[in-house]
Amino acid sequence: MSESEGNARKNSVLVVGGGIAGIKSALDLAEAGRRVYLVDKKPALGGFLPLLDRQFPTNDCNICYVTPDIAKAGAPLDIQSLPLTKVTGLSGEPGDFSATLATEPRCIVLDKCNACGACLEVCPESAVRFTPGLDHKSPTCLRYPQATPTAFSIDLTKCTRCGKCVEACEPGAIDLDMAASQQTVGVGAVIVASGAELFDPTPMQEWYGYGKFPDVVTSLEFEQIMSSAGPTGGQFMRPSDGRRPQRIGWIQCVGSRSTKPPAKPYCSSICCMFAMKEAVWAKEHYAQDLDATVFYMDMRPMGKDYELYYQRVKNDLGVNFVRCRPHTVGRDDVTGDLLLEYASEDGSSQIARLDLIVLATGFCAPNDAKEQAKALGIELDPYAFVAAADFDPVATSRPGVYACGMALGPRDIPDSLVQAAAAACLASQDLEPGGALMSEDSLPPERDTRDEDAHIGVFFADWSGRVSQAVDLKKVMAASANLPGVSHVQELVISGGQAGLDELVEAIKAKNLNRVVVAGYSPRTHGRLFAETVRRAGLNRNMVELANIRDQSAMVHSGDPVHATSKALDLVRMAVAGVTLAQPIYSHSQPVEQSALVVGGGVAGMTAALALAEQGVKVTLVERAKQLGGLALKLKRTLDGQPLVQQVQDLVAKVQAEEGVRVITDALVVDHEGQAGAFRTGVQSGPSMYYQKVEHGVTILATGARQYQPTEYDYGKSDRVLTQLELEDLLAQGDASDPRLDSVVMIQCVGSRNKQNPTCGRICCQNAVKNALWIKDLNPEAQVIVLYRDMRTPYRAEDAYRQARERGVLFVRFSEDDPPSVGQDQDGLMVSFTDKVLGRRLTYNPGTIVLSTPQVADDEAMEELCEIFRLQQTDTGFLLEENIKVRPGDTPAPGLFAAGSILAPKSIAEARTQGLAAAGRALTLLAQHSLTVSGGVAKVVAERCAACLVCVRACPVNVPFINADGYSQIDPAKCLGCGICAAECPAKAIQLMGYTDDQILGRTDALLEGVL
Amino acid sequence: MKTTSNLEKVLAAGHFAATGEVGPPRGTDAEAVRKKAGHLVGKVDAVNITDNQTAMVRMSSWAASLIVKQMGLEPNYQMVCRDRNRLAMQSDILGAYALGLNTMLCLSGDHPRFGDHPMAANVHDIDSIQLVAMVRQMCDAGLFQGGAEISNPPKMFIGAAANPFGDPQELRVLRLAKKIAAGADFVQTQCIYDMKRFKEYMHQAHDMGLTEKCYILAGVTPLKSGGMAKYMANKVPGMTVPDEIVKRIAGAPKEAQAEEGIKLCIEQIAEMKEIPGVAGIHLMAIEWEHRAPEILERAGLLPRPQV
Amino acid sequence: MITAVRKPLEEIMGFAAPYSRVLLLGCNECVTVCYAGGRKEVGILASALSMAFLKEGKKLDIVEQTLERQCDPEYVEEIAQTIDQYDAVFSMACGCGVQTVAGRYKDKPVFPMVNTMFMGASERQGVWAERCAGCGECVLGRTGGICPVARCSKRIFNGPCGGSTKGKCEIDPGVDCAWQLIWDRLKALGRTDLYSEIMPAKDWRSAKDGGPRRIVREDLLS
Amino acid sequence: MSDFEPIIVAFACEYCAYTAADMAGSLGMSYPPNVKIIRVPCTGKVDTLHLMRALQKGADGVLVAGCYLGDCHYKNGNLRAQQRVGYVSRLLEEIGVGGERVMMTFMSAGQGNVFAQVANEFTEKIRNLGPNPVKLGAGKAAA
Amino acid sequence: MAWADKLKSNEFAVVAEMETPKGVDISDFVAAARQLKGRVDAVLIPDMSFAVMRLGALSGAVVLKQQGLEPIVQFSCRDRNRLALQADLLGAQVLGVTSVMAVAGEPVAMGDHLDAKPVYDLTPASFLEAAAGMAKGLDLAGQELKGKPKFCLGARIEPWADDAELAQRLTEAKAAVAKGASFLVAPAVFDLEAFGEFMKQAKGLGVPVIAGVLLLKSVGMARYLNQNLPGVAISEATIRRIRSASDRTAECVKIAAETIKGLKPLCGGALIITAGWEDRLPEILDASGL
């Protein structure tokens, strides 16, 4: 091995699986300056996400949110994506692996394919893979315009080599003789993100009728029916007769939570939210009078604020929920109605008449999971998902190999993304400490174009074809060519990769352009990308303007092509006018402090601190209490029953021993200033109130939550009423003869899912099951009753739940409006509750009553933290993330990340994962070594300034001052670029760069040209 | 005796003085003046003739004063600083004295904003204290304000006004002292309702020796109704009316409110007689001149001494 | 600072009616600071005026320019080259500026666009209040730094009058009683003795009552 | 004029309203094409002059769309914008162009529906008001 | 001795506390000092309070003196024996630092050098005696000094938690006054009423009492003080007030200013303690009308 090869190996990671988790890991690593091989066995990256029309709980289509990242900031991220590729072997050790990769032939040359679809049309055998439509097994569909790569592939198993496609292919991209290939790559670590597969309900035809009745569809298929780009072309109709469905039923847990094969015993975790989202979307967008019903056993919306979503869906949006066991689907052949038979909660059998049934199918391990595990040398759990330990939740059995996302079992997108970031962080630790990313020096010198006449190039980019569907692009292009200053008009083919951007760079150089308009995107999402691109062509970053004809014309006026076209031209004209008057903005960069402040010394904070320290980052860890450990100090066992105390203590010891981590306990954060890369935070510690300023480049907030202190159920009045934590203390004493443990009644949802605290505690159910089993371990004869509202035991916690039932733990459901009551009677402590099956109130005298209480936001502390760091709280008091779906753990403030229960209730494993993830996110920022400070700031024309002080008074951050020369001066490093001073200035002496009055008025004038 | 003023004579003889007030009409009807003043003939020692009171144009003070004088009643000729500059003021004083007026009161005057000519120039060439000083200089030194000699200077009994209740409180006695220092012979106060505070004021003035240098006449105005009591309490700047007084008047039956007001007035006059330094009262029976004799009678102030 | 407010548009439109091309001339001093006639206000007035006329079917050509100071002849000279292009000059300066411009360009109609108000200070952003009457003989040294001439409604030198209530002037509860302020300040300074002195009648010759005033510094003449 | 199609200039804060407008796009909610957006970093940047100029050049209505009061990224930029809109509105009344032709509105970034709704309502309102009288006068002036 | 004169004037004294930096970069220290010039009667420089090692108090005092401020320097008995203390006293005198305050010094265990050896050779009382003795020209060993240094001496009234302890504190304070202290510094006041009660009892001490005013920074800090500092009881009303303020820091400044105003009729002066937020001292002074 040559030296450079070895260096590359030490800086490279193999990511297996190109779904959202794999992409996220790859991006985080690449942003941190690593080389990534991203392999996927399918012809294109993307995984499940592209198949979904939109995602809960925001009901957004998040593809748009995630994908601009793929060419983040225009910097060439070192990600080599290898579709149609599998890993066949892995040798070596952490830091020095060799992986063998086998790639199937695509039979289409990527560089030549323009995805025109001609091959698909001519192929008699449908061997060309690019099938949109209802087939949920199809690898991808056209609705995923950002698919990487945007090219077809040919399935050789179906190909008859008739050659029609070769003839039809204009660019000559088809090569049916392409051979399979193999290669070996050297990497320092591996991340397994190979995802899961949807459960196929076909074998359960006799129960659910899938495959027998066309109007029984899977949830993914239903998603397609709703999609405007789906097979029905946006028509909301049922497959059998094209009728608009009026009554739709969702059947939950299809293929999950059942011990009868082929169904899986575990809970697939996300189908509940998935079904609710579909029901809401269908009701809101297609038929408000739609009768939507969810047939379920337990509703399990357990993510951050998902419970609120559930309550809204149920109470405000009118979706029906029926708790039952659905078992058989039949059909009334006269009416064509589907008949769903189910056993209701009181045991009676009922039938529901429906037009359409959606099976909320679960997820299972990929069919090649075992083969892949063998190749990678890692262990699987009993359900063929990758096995991981509770305290090391993204580490596999093989050092140097990590896993994330659905590869570890079914989970939702935020959880997958957090795991992805965590895995990326751990993978980094096996590599050499990262190097600096691309800097300004690597860019060509900037041309000074101020004295030149405008040579404007207008580029039209229609990534998904959305624009041309509504706008007559040809017409707009022709008209654009006549606009003043425009010397070049071109159509740009931009995909997720670099190619289109390179084309832009070339055109700027070849046509000697000095200003650029890109029509097609929102400046919000793509502004930075194109600014960086024109910079690569030697222009100032401010010499490009985006005409947002996609979002603000094509998408909103899709039904009105005439006006959409004229508005598109208006938008282009405005952009041309704006860019004509643009002046160069010079940004300056400032070094990023290679240090971090971690606030909160619980498991999440300690994990983050250690992970950063191991990457050579200097960490200051601030903890409010006198010792490290947080809430975890009170826990004795993990959810899967492993002892915990030692592990937490070890973690504390490790942090304390780590040289790179400076621990300040008994400390409060009292002030905070600066920006990403150069923060200064005031910390006050000890009774001396010793005040020090900590300088740091990034911040991780991990101050956790507090355990709810119940006032309900006689807590505090009787020493026999405990919380689960107190029960754990008792159990840890291990006294099997303790009479208090002879009979125990647990009450769930104490202090959660009510008016005061509408959220779900997320882990209280699992805790109850854990402790119930622990009691049974100590005393198998003990009687344990769990009073619950919904048992929420995702994935393998379901096993423990089942086990508990098998071992005699009684689970009795109560409803919110009929809760149990606790008191004293002649026999001592008494609890009474309604038994739904018997239909009457029962009274019971247990030895102990245990209340399952949630973690809740420490309101007072959170308010203060949010004020100091200028962040916001959610309605339930936890920290508000940048975007709970696609940016979990990122805050709206650059350089500030969050981990653990500060965000929502978290288990130890989740806290660990989040700590790692936050560290990983922080590393991507630190890897930049210097951050560019935007030059889009207010500038004073000294000779115009009347020193009137208006700007001094108006500035929200007190930046302007009247200098010794008697005019207003504004420090560009401190200016936020809001432009308030510029608007208030009575002498018009202040201009906001990028938004000068000339530019704004120029746009207005261009828009209104010829009106008068 | 410095002047021929009847008021001065009464005061110098140690009598408890009583003065009244008449506002000239907004027109040329001399009869109106005579009618109002007629009620007071023989009942008061002098009667104040207001000068464009509340910044409304009225018959000029000196002219109305002459009419009153002709009725055998001593006018107290009022002059405000709002409408004339020092030339006009001095020439008017010379004229007034020449026609037999010998008692005058120097005031700042209400702001034009309150009157019927809010657009008028607000002259204020000099202020009231400076006016007192100017008149004092004219009388005693025989000099015009500008310094030139006056041939046959006037001899005026010079009065000033004082408000014991305006803010800032602590300045009230000091300002009184200033007026006296400027040369005021007598002072008439704003109408008094808050006896407690007035007593404190007088006590302080007495302690400072001001009452020895100057005669102080306490202002009284009978309250005609509960409405008037409330108006005085809430709307008139620099005026305090204690709650219990408002309650007392407003609490009486509608038809008995006027009588209750007179009763209160009489009680207060009685009280004032006992306050050290109070040399008399100034009865401002605004548009109620016809009831003044009754009040004076019931207060035991009639008949007036002849000096 | 001299404060001013823009004249009602109706009055300005009356001035403009006979003309088709005018120079709208701002001033970068006092009137800029008090938002009456700086570059920004020039722009706003130009827009409003041209809209108001255009609406009536008349195109009024308005050229905007802002001078450093309209009360200095050298700055006013800057428009000498171009002034012939205009039918009239619309000055947004205070009365001093308008007169300087009118004095320099005697054959050109010059109109005031603002009403010049008073010499005031900025109490806070957007609020200006009168502080000096330019009386030519400053008594602030004896009144605790608060001017009875500019700030007492009755210009009383030996105040307060009887109408002072709760620190406010009798003419308006929104106006501070100057003498209350003076008294408070004298107390804070420990100089209440200054009050007991009677301030003599003022010599108003130093104010405008002595006729139009000018200041001549012999040593600076050239 | 039955075929009158108003031209509406919308100044939108990039933090909220501009994003909301994009959101309207990605949610496929339509609003009248009459509304053209100019992006600003904060509505506090929108100068009285910008509002006036748009109307002077013939816009029939001007919309300023910022964050909810209290949510401004720059403390009170939106409040300032609101005050300026009020000022311009009074000025337009004074010259007879009509104070209703300018409007301030508030929304959060996720509210694509609100943007669409406001755009619809405002367009409708301006449609009912009729064309900017400046435009009509300009025709006369040219004639 | 401007401070001594101030004390004699019987006017309300305003003293700011300024900790020396931990390190040798005194730029912030000097910047804070500049803002205070002419605005306070003196600046108190703690001597490594709570046993956190910092730039020596005396050096800090000299820096402040150069900035035109009147320093009062603390001498802690924790870190130096009687030789060192006396030597430093002489040093202070020749450097023009004449206002000196005796403190015992908090236990080493509270600070950042847990292994340090605590000295406690002298007590604050015996330190005062030593300083007073120097004025007569003698050191503690009875040796004659060349020149007689004169100091304006002060002592602390240590915090108390209950009445019994208070009585003892008063006795100690009396002793300090007897040994030559001409001013006393009391702990931070959060409850003016309770402090008023204390001052009634402290009347007999005969020297001005300078009460501490600690700038709160947050609700968290208020809670922390309640939990960890003896005798401190910040009311729920105050905490609620901070919590509901739109600008918490500004509210805390207001509270401190109100406390100072409230102290004016009660005692001889206020010692404003900002614990690292010295840049806010001018705001507090503004708000309290000083």
Side-chain angles (χ1 to χ4, degrees), chain A residues 54 58-61 64 228 285 466 522-525 527 546 548 550-560 562-564 566-568 570-571 574 578 872 892 936 954-957 976-985 988 992 994-995 997 1000-1001 1003-1005 1007-1012, chain D residues 5 7 9 11 14 18-19 21-50 53-60 62 71-77 80-81 84 109-110 112 115-116 119 132 134-135 137-139 141-142:
Chain A
R54 54 202 60 252
T58 50
N59 288 354
D60 288 342
C61 168
C64 332
S228 55
H285 289 267
R466 286 304 291 266
S522 171
R524 210 169 43 82
T525 49
L546 271 58
N548 190 358
R550 181 176 185 273
D551 299 68
Q552 298 192 349
S553 184
M555 309 272 278
V556 280
H557 315 309
S558 55
D560 185 357
V562 176
H563 285 110
S566 72
K567 183 173 174 184
D570 285 342
L571 295 178
M574 284 162 79
Q872 293 193 325
C955 179
V957 285
L976 302 179
C978 66
I980 291 174
C981 58
E984 296 268 310
C985 176
K988 294 285 102 204
L992 180 67
Y995 295 92
D997 287 324
I1000 291 183
L1001 295 177
R1003 282 175 202 132
T1004 318
D1005 292 357
L1007 169 64
L1008 297 164
E1009 200 183 86
V1011 168
L1012 290 186
Chain D
E5 277 304 330
I7 301 174
V9 180
F11 292 96
E14 68 183 353
Y18 193 90
T19 311
D22 274 5
M23 200 66 86
S26 47
L27 295 175
M29 291 167 167
S30 70
Y31 55 84
N34 311 56
V35 178
K36 323 277 156 91
I37 298 176
I38 293 179
R39 189 169 68 123
V40 287
C42 171
T43 48
K45 170 72 187 81
V46 182
D47 198 321
T48 310
L49 281 169
H50 304 159
R53 173 78 83 108
L55 289 151
Q56 190 188 345
K57 292 283 174 175
D60 299 294
V62 178
D71 284 352
C72 176
H73 283 64
Y74 307 109
K75 286 188 184 164
N76 60 1
R80 288 167 188 277
R84 289 178 207 139
F115 187 89
N132 182 349
V134 170
K135 221 161 30 177

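Counting heavy-atom pairs closer than 4.5 Å to chain D, the top-ranked of the candidates Leu1007(A), Leu992(A), Ile1000(A) is Ile1000(A). Among the candidates Thr1004(A), Val1011(A), Leu1012(A), the residue making the largest number of heavy-atom pairs closer than 4.5 Å to chain D is Leu1012(A).
Remark: Arg53(D) does not engage Asp47(D) in a salt bridge, criterion side-chain N to carboxylate O under 4.0 Å. Lys135(D) has a carboxylate O that lies under 4.0 Å from a charged side-chain N of Asp60(D), or vice versa, which qualifies the two as a salt bridge. Between Arg84(D) and Glu984(A) a salt bridge is recorded (basic side-chain N to carboxylate O distance below 4.0 Å).
Only the side chain of Ile7(D) comes within less than 4.5 Å of a heavy atom in chain A; its backbone stays farther off. Both the backbone and the side chain of Arg39(D) come within less than 4.5 Å of a heavy atom in chain A. Heavy-atom distances place both the backbone and the side chain of Val134(D) under 4.5 Å from chain A. Proximity to chain D involves both the backbone and the side chain of Ala954(A), based on heavy atoms less than 4.5 angstrom apart.
Remark: the Ser522(A) side chain and the Asp22(D) side chain contain an N/O donor-acceptor pair separated by less than 3.5 Å.
When side chains are defined from C-beta on, Pro956(A) counts as touching Cys978(A), because their heavy atoms get closer than 4.5 Å.
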